[in-house]
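To start, the structure under review is shown below, and the notes come after it.
Throughout, residue positions are numbered sequentially from 1 according to the sequence presented. This structure is a prediction, so every number in the text was calculated from the model and none was measured.
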Amino acid sequence: MNILVSGAHGMVGSALIPILTQQGHSIKRLVRSKSPTIHEGISWEPLKRGPDPDALGEVDAVVHLAGDSIAARWTAAKKESIRDSRVRGTQLLVQSLLHMKSPPKVLISASAVGFYGNRGSEILREDSASGQGFLPEVCRDWEQATKAASEKRIRVVIL
């Protein structure tokens, strides 16, 4: 398969890509570099513009892992960066996918356990309701940002 990966240099992406490559998949990386080399990947600016749909070529699946780290002091500016990097980045990526000549069959998009919020010792399941507060709100908006893809018959899987 031809797989496009955003967040390729992050903790999950850097572990996932060698596994996918070892299994024989062809990997394309989305990178924030303004002039990437062919080995670095396809350029995008997650807060300003999605990748050029024509530059994506043939893609069977997209694994979307990009987002600003939450491991920092949450100032107002940091919270805005966390939200925008996930929600706006996903919206722009989805718009690019929808403008491809042949869109991918599946979009696998990260979310976070933060969706559930701090619920103490409550046992949480996949169908548990979203929590309250900043991270659950970001996760809900982040997951909602994939909706346009599913409406256009791209299968969406939320991690």
Side-chain angles (χ1 to χ4, degrees), residues 1-72 74 76-115 130 134-159:
M1 289 180 66
N2 293 320
I3 302 172
L4 178 68
V5 180
S6 73
H9 296 293
M11 182 176 66
V12 175
S14 61
L16 177 64
I17 288 174
I19 293 167
L20 293 174
T21 303
Q22 194 173 48
Q23 293 177 350
H25 299 289
S26 174
I27 306 300
K28 295 179 183 181
R29 294 167 176 83
L30 284 180
V31 297
R32 289 176 283 170
S33 170
K34 294 194 190 274
S35 55
T37 68
I38 196 155
H39 298 291
E40 285 180 330
I42 299 164
S43 179
W44 78 314
E45 294 180 64
L47 300 180
K48 295 180 182 176
R49 65 170 179 81
D52 177 357
D54 294 330
L56 298 177
E58 294 290 321
V59 174
D60 301 304
V62 176
V63 179
H64 179 43
L65 304 170
D68 190 19
S69 174
I70 65 168
W74 288 4
K78 180 63 174 178
K79 288 169 90 173
E80 181 179 356
S81 177
I82 289 168
R83 176 187 304 282
D84 289 349
S85 68
R86 286 161 176 74
V87 178
R88 183 72 179 138
T90 301
Q91 290 168 337
L92 291 170
L93 175 58
V94 166
Q95 287 307 307
S96 292
L97 299 178
L98 297 179
H99 286 93
M100 292 175 67
K101 290 181 180 122
S102 179
K105 301 214 179 355
V106 64
L107 166 62
I108 301 169
S109 186
S111 184
V113 70
F115 175 88
S130 176
F134 174 69
L135 279 183
E137 183 180 303
V138 168
C139 290
R140 286 190 303 269
D141 293 346
W142 189 7
E143 292 180 15
Q144 182 65 26
T146 65
K147 188 174 181 181
S150 61
E151 289 173 349
K152 295 295 182 179
R153 299 186 187 202
I154 296 174
R155 180 176 172 232
V156 174
V157 177
I158 304 293
L159 296 176

Do the side chain of [X] and the main chain of [Y] share a donor and acceptor less than 3.5 angstrom apart?
X	Y	value
Ser96	Pro51	yes
His99	Pro53	no
Ser111	Glu143	no
Ser6	Leu65	yes
Ser81	Ala77	no
Lys28	Leu56	yes

Any chance you could measure [X], atom [atom1], to [Y], atom [atom2], to the nearest 0.5 Å?
X	Y	atom1	atom2	result
Ile154	Met100	CD1	CE	8.5 Å
Leu47	Asp84	CG	CG	6.0 Å
Ser69	Ile82	OG	CD1	7.5 Å
Arg86	Leu135	CZ	CG	8.0 Å
Ile17	His25	CD1	NE2	12.5 Å

Kindly determine whether Leu30 and Leu4 satisfy side chain to side chain contact (heavy atoms under 4.5 Å, CB included), including the steps that lead there. CA-CA 7 Å; Leu30 284 180; Leu4 178 68; 3.8 Å; yes

Does a side-chain heavy-atom distance below 4.5 Å link [X] with [Y]?
X	Y	value
Val5	Ile27	yes
Pro136	Phe115	no
Thr146	Gln91	no
Ile42	Val31	no
Lys101	Asp54	yes
Val94	Leu107	yes

Can you name the closest pair of heavy atoms from [X] and [Y] and give their distance?
X	Y	answer
Glu45	Leu92	O-CD1, 4.1 Å
Cys139	Gly114	SG-C, 3.9 Å
Trp142	Val87	N-CG2, 3.7 Å
His64	Trp44	CE1-CH2, 3.9 Å
Arg83	Glu137	NH2-OE2, 2.7 Å
Ser26	Asn2	CB-OD1, 3.2 Å

Pick one: which of Thr90, Val138, Asp68 meets side-chain contact (heavy atoms from CB on, under 4.5 Å) with Ser85?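 Going through Thr90, Val138, Asp68 one by one, the side-chain contact (heavy atoms from CB on, under 4.5 Å) with Ser85 is satisfied by Asp68 alone.
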
If you draw a 6.0 Å radius around NZ in Lys78, do more than 12 non-hydrogen atoms from other residues or ligands fall strictly inside?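 Yes, enclosed.
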
Using a 6.0 Å cut-off, check whether atom CD of Glu58 has over 12 heavy atoms from anything other than its own residue.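 Counting other residues, nucleotides and ligands, CD of Glu58 stays at 12 neighbours or fewer.
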
Applying side chain to side chain contact (heavy atoms under 4.5 Å, CB included) to Val156 and Ile158, what does each step give before you reach the verdict? CA-CA 6 Å; Val156 174; Ile158 304 293; 3.8 Å; yes

Which residues share a side chain to side chain donor-acceptor pair (under 3.5 Å) with Asp60, sequence neighbours left out: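 Applying side chain to side chain donor-acceptor pair (under 3.5 Å) to Asp60 gives none.
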
Taking atom types as modelled and ignoring hydrogens, do the side chains of Ser14 and His9 form a donor-acceptor contact shorter than 3.5 angstrom?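 Side chains of Ser14 and His9: no pair found under 3.5 Å.
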
